[in-house]
Every structure is written in structure tokens, then in C-alpha cells.
Protein chains: 2
Amino acid sequence: MSSSRISTNKKAAVACNNCSLSDLCLPRGLTKEELVRLESAIDKTSKIPKKDYLYRRDDPHQAIYAVKSGAIKTSLSTLDGEEQILGFYLPGDLVGFDAFANSKHSCDAQALEDTFVCELSMSSFHELCGSIASMRNGMMRQVGMEIGREHQLLLTLGQMRTEERLATFLTGIAERNQSRGFSAREFYLPMPRHDLANYLGMAVETLSRMFSRLQEDGIISVNHRLIEILAPERLKSLGHHQCR
Amino acid sequence: MSSSRISTNKKAAVACNNCSLSDLCLPRGLTKEELVRLESAIDKTSKIPKKDYLYRRDDPHQAIYAVKSGAIKTSLSTLDGEEQILGFYLPGDLVGFDAFANSKHSCDAQALEDTFVCELSMSSFHELCGSIASMRNGMMRQVGMEIGREHQLLLTLGQMRTEERLATFLTGIAERNQSRGFSAREFYLPMPRHDLANYLGMAVETLSRMFSRLQEDGIISVNHRLIEILAPERLKSLGHHQCR
DNA sequence: AGGAATGCTTGATGTAGATCAAGCTTTACT
DNA sequence: AGTAAAGCTTGATCTACATCAAGCATTCCT
């Protein structure tokens with residue numbers, strides 16, 4: 001039941017320096033010397049097997065994690081056994097800010113597929129934030145982006161109809177892939193329908209129908225989790241509630 | 001249209017030291033000397049008249065604000081003229097973290113009534129965070145609480161029925177008042193129905209009906225914005241989706 | 001003080017999306 | 001390989017809530 005990570009390698013296989021995610025993740029804006037300090041602080045890379053938890057609610061805040069490959073979902077579980085998914089974290093994303101309030105995690109983080117994460121222990125984190133201004137700024141930027149994503153999701157859940165929610169989500173994923181050097185046109189979704197429906201605040205059946213509708217309209221092509229965006233502009237224009 | 005603050009007083013009328021909000025806001029955990037430094041960094045207290053903006057989207061990130069009295073709402077506006085309210089900030093709350101991502105505010109912040117805020121300029125903020133560890137930690141705690149509030153709202157919008165949303169909101173306000181030394185039983189809501197309905201993701205009419213329903217059931221007493229909670233336990237038990 | 005505008009409530013009606021139900025496909029397990 | 005269990009889709013029905021409509025109360029403005 002508890003967080004059971006295996007295949008822990010002392011020292012990251014790839015230095016931050018050489019990591020393909022370096023400009024998405026923390027290193028952006030650090031000097032060469034600072035980068036060396038960050039790298040030596042990243043004490044290990046862990047493999048989280050599919051369905052295992054990276055951490056659970058009330059676990060002590062041990063580290064900030066950077067997703068290297070795979071995907072993580074965070075969620076809140078209620079007493080009556082329901083859950084609300086809060087976010088999906090893809091390679092280059094940082095996870096773990098939810099524990100800032102009281103040094104205990106306030107949600108669960110689970111691997112959607114076999115996932116590798118870099119760990120920056122909280123003691124290293126504090127030390128680096130205390131001594132390197134650009135590290136502090138980079139961290140603040142990341143926290144700000146996290147808050148921004150949550151604001152966007154609140155807008156989605158509060159204002160949009162179901163078709164628009166899915167359209168907005170798909171364009172978001174496409175842009176994210178683009179910025180990571182992957183295809184914005186064709187990609188695999190890392191999460192099952194069940195999770196995506198929950199995240200977008202609708203029933204699985206409704207989500208499925210919306211996928212079908214977008215496909216019938218010739219906007220996307222759906223093959224289970226493989227999505228091809230045929231008409232990116234039309235997809236984007238379905239998102240009426242874009243921020244001014 | 002733009003942010004027009006008036007009645008700016010050089011130097012806060014009440015020092016952080018003596019401020020009734022001190023243990024809710026930043027000072028918690030600071031030594032006497034650190035507190036003096038924080039106080040001297042808080043260069044002014046501003047009055048934001050009702051309906052004026054504290055800041056707007058795309059404004060440069062000039063300060064972190066602490067609400068001393070009154071109330072602030074933050075919101076996202078869409079191109080087609082709709083809005084999603086993201087949060088209500090009451091005395092003791094900190095506002096302005098939304099600009100961490102790129103040094104520009106990513107939402108609007110508007111006064112619901114005449115409001116006084118303390119301003120900690122970003123330059124002071126950076127200086128204090130760089131030199132005082134407990135200041136850094138206090139700030140992280142605040143950011144964590146902000147993220148926690150947003151998670152709670154996502155759960156509310158994603159999982160709850162309308163009556164439950166209102167019940168959860170009201171118990172939350174009651175607890176907040178309690179922790180601030182005000183009555184948890186009787187209080188004025190600072191926001192109009194329109195804003196509360198938007199925040200809770202429902203139509204004003206539905207919100208009004210839910211108020212009426214809770215009143216008919218003898219759980220609360222409603223007189224416009226004056227709310228009296230008659231049966232706190234029953235109200236709380238309507239919130240089925242409490243976190244485990 | 002008087003009138004207009006805003007805010008709130010209640011009732012009647014319509015509908016987007018939930019729920020229920022069933023079949024099919026893919027993945028997981030022995 | 002064969003069977004069980006998940007995962008996904010489509011159709012039929014139902015309902016919680018939105019929308020439309022109207023009236024009253026309160027606040028704002030001159």
C-alpha cells in the first residue's frame with residue numbers, strides 16, 4: 001500500500017547538464033558553477049513503477065521531484081472513496097509543491113506508467129534556495145506556473161461545456177509537446193479515459209462521446225490513446241473561454 | 001480603468017508587531033530582529049476603494065500584499081467577457097503569488113469593499129528571502145496554503161453537487177472566522193451573490209435556492225449577506241466529500 | 001427625497017450531461 | 001494459449017441545474 005520505489009540508482013544516469021529537459025526544468029538561468037552544485041545535490045534518480053505512489057497524503061515532505069520520463073498524476077481522495085485529479089505531470093515538470101504548507105503532502109502522487117524522477121531532497125532544496133538567488137527565482141517561477149495551471153483548470157471546470165473542456169485540454173497537451181520537442185500533431189495520452197474524465201469534471205461516457213464528436217467533425221482522429229490532431233485551428237477555436 | 005489607489009500613508013499605521021493579524025500572516029516564526037527588518041521593509045499601507053483593482057492581469061509584479069481589512073477577489077477574465085473567480089482574500093491573507101511565473105500578474109485582483117493592504121515590494125521581498133531563512137519558510141508556507149485552497153476548490157467544482165458546495169464554503173468561512181477570533185456562528189459575507197455563485201460554479205438562482213433550502217431545513221438563517229449558522233454539525237455533515 | 005439601477009428571490013420550463021445498460025476490445029494473469 | 005478483468009464506446013433514459021421570466025428590496029445617485 002505504501003510508497004514502494006524500486007530500482008534506485010545512486011547518482012543520476014544523466015547529469016542535469018546533459019539532460020534533454022534542462023531548459024524546461026530547474027537549471028534555466030543558473031551559472032555553470034551553480035549548475036554543478038545543483039547536480040551534486042540531486043542525490044538519486046528513482047523508478048516509480050506504474051500505479052505505485054511517489055508519495056501519499058500526509059507523507060513527510062522529503063523532496064521535490066522532476067519527472068524525467070513517464071507521467072505522474074496528483075489527486076485528492078475523499079472519505080467516501082471518490083477522487084479529484086488535480087494535475088498530470090509530464091517529463092520536465094516538477095512535483096511536490098503541495099507539501100509547502102505544513103511539510104506534509106496534501107495530496108497523492110501516482111505513476112500512470114513506469115516513471116523516472118530526479119529527487120532534490122528538501123535539505124538540499126533549502127540549502128540551495130538559501131545560497132543561490134537564481135535557484136530561488138527558478139523555484140518561484142515553477143511554483144507560479146503551478147498556480148497558473150490550477151487557475152486554468154478552475155476556469156475550465158467553472159465555465160466551460162464538456163466539448164470545450166476536452167478541446168482546451170487537447171490543445172494544451174499539443175502545445176506542451178511542441179515545447180518539449182515532440183509532435184504537436186500526434187501523441188499518446190498517458191492516462192486512461194477514467195482519469196481524464198475525472199480531471200475534466202465529467203462522466204467517462206460523456207468524455208468518450210466528445211472524443212467521438214470531435215472525430216466525426218474531422219477535427220481529430222482517435223485510436224484509443226493515440227490522438228492525431230487534424231485541424232489544430234478548429235480545435236483551438238472551440239476553446240471560447242480563452243483568457244483575454 | 002487602471003489601478004487607481006488613493007489614500008496612501010507612508011508607514012503602516014500599525015506595526016506588524018502589534019497587528020492583530022501577526023500570527024496569521026508572515027511574522028510567525030521570525031525573531032525580534034527579523035521582525036524589525038520586515039516592518040521596515042513594508043513601505044506603505046494602501047487603501048483600495050471598493051471595486052478598484054489592486055492589480056490587473058499583465059501588470060508588473062510590484063509587491064506581495066497582505067489584507068489588513070476588507071476583502072479582495074481574484075479572477076480570470078475570458079475574451080468573450082466571462083469571468084471565473086479564483087479566490088476571496090480576507091484579513092490576514094496574502095495576495096499576489098500569481099505573478100511568480102513570469103513577473104507579471106496572471107489574474108485580476110479587485111476590492112469587494114474598501115480594503116486596506118500592507119505592501120511588501122518585490123525588491124524587499126527578494127532581499128528578505130535571500131537573507132532570512134524563516135522568512136523564506138514563512139513565504140513557502142503561505143504559497144503552500146494558497147495551493148491547498150485551490151486544490152480544495154477543484155474538488156468542490158469537480159465532485160460536489162450545488163448544495164454541498166455551498167455547505168462546504170460556509171463551514172470554511174466559519175472556520176476561517178474562528179481562527180481569526182471572529183464569530184464562527186454569525187458573519188457577513190463580503191461578496192454579492194453573483195460573485196459567490198460564479199466562484200462555486202453555479203447560477204445565481206441556484207445559489208439563492210440553496211440558501212433558501214438550508215434556511216428551510218433550519219441549518220442556517222439568511223438575511224441578505226448576514227449569515228447565522230444554526231446547526232454547524234448538520235452543515236458540516238452536508239459536505240460529504242471531505243478529504244480522508 | 002425620489003427615481004434608477006443593482007441585487008436577491010421564487011416560479012416555470014428546457015437541456016446538457018449523468019446514469020443505466022449492453023457489447024466490444026484490449027490488456028493482464030495463470 | 002485461454003480466460004478473466006479492465007478499458008472504451010454507443011444507445012436509451014432520467015435529472016440536476018441552467019435559463020427564462022417576473023416581482024420585490026436595497027443601494028446608489030442627483
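By convention in this document, chain letters (A, B, ...) are assigned in the order of the sequence lines, proteins followed by strands, and residues within each chain are numbered from 1. Everything numeric in this text was worked out from a predicted model, so none of it was measured.
- Using a cut-off of 4.0 Å between Lys/Arg side-chain N and Asp/Glu carboxylate O, A/Arg180 and A/Asp93 are scored as salt-bridged.
- When atom types are taken as modelled, the side chain of A/Ser212 and the backbone of A/Ser208 share a donor-acceptor pair closer than 3.5 angstrom.
- When the nearest nucleotides of DNA chain C are assigned to A/His224 and A/Arg213 by heavy-atom distance, the more 5′-ward of the two goes with A/Arg213.
- With distances taken from any side-chain atom of B/Arg193 to the nucleotides D/dA25, C/dT9, D/dT10, the minimum falls on C/dT9.
- At whole-Å resolution of the value, CG in B/Asn198 and C1' in C/dG7 are 16 Å apart.
- Between the CD atom of B/Glu163 and the P atom of D/dT15 there is a distance of 18 Å, rounded to whole Å.
- Atom CG in A/Leu157 sits roughly 13 Å away from atom P in C/dG17 (whole-Å rounding).
- Nucleic acid contact for A/Thr162: sugar-phosphate only, since backbone atoms but no base atoms lie under 4.0 Å from a heavy atom of the residue.
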query = After noting the C-alpha distance and the side-chain angles of A/Leu155 and B/Leu86, does the key distance pass the side chain to side chain contact (heavy atoms under 4.5 Å, CB included) rule?
reply = CA-CA 8 Å; A/Leu155 179 66; B/Leu86 303 167; 5.9 Å; no
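- We find that CZ of B/Arg225 is positioned 10 Å from C1' of D/dT26, with the value rounded to whole Å.
- Between C/dG17 and A/Thr206, no contact under 4.0 Å exists linking OP1 or OP2 to a side-chain N or O.
- Put simply, CE on B/Met160 is 17 Å from C1' on D/dA16, counting in whole angstrom units.
- Contacts of B/Arg165 with the nucleic acid, taken as non-hydrogen atoms under 4.0 Å apart, are absent.
- Considering only side-chain atoms of A/Val222, the nucleotide from C/dG17, D/dT9, C/dC8 that sits closest is D/dT9.
- Taking atom CG of residue A/Leu226 and atom P of nucleotide D/dG7, one finds them 19 Å apart after rounding to whole Å.
- For A/Arg161, taking side-chain heavy atoms from C-beta onward, the closest of the listed nucleotides C/dC8, D/dA18, C/dA16 is C/dA16.
- Two rings, from B/Tyr199 and B/Phe88, have their centers less than 6.0 Å apart.
- The CD-C1' distance, from A/Glu216 to D/dT9, rounds to 11 Å in whole Å.
- Under 3.5 Å, the side chain of A/Glu205 and the base of C/dC20 form at least one donor-acceptor pair of N or O atoms.
- Comparing A/Lys51 and A/Ser212 by the nucleotide of DNA chain D whose heavy atom lies nearest to each, the residue mapping closer to the 5' end is A/Lys51.
- Across the protein-nucleic acid pair, A/Lys50 atom NZ and D/dG7 atom C1' stand 11 Å apart, rounded to whole Å.
- When the nearest nucleotides of DNA chain D are assigned to B/Asn223 and B/Leu207 by heavy-atom distance, the more 5′-ward of the two goes with B/Leu207.
- Using modelled atom types, one finds a donor on one side chain and an acceptor on the other under 3.5 Å when comparing A/Asp98 with A/Tyr55.
- Using a 4.0 Å heavy-atom cutoff across all strands shown, A/Arg209 reaches at least one base atom of the nucleic acid.
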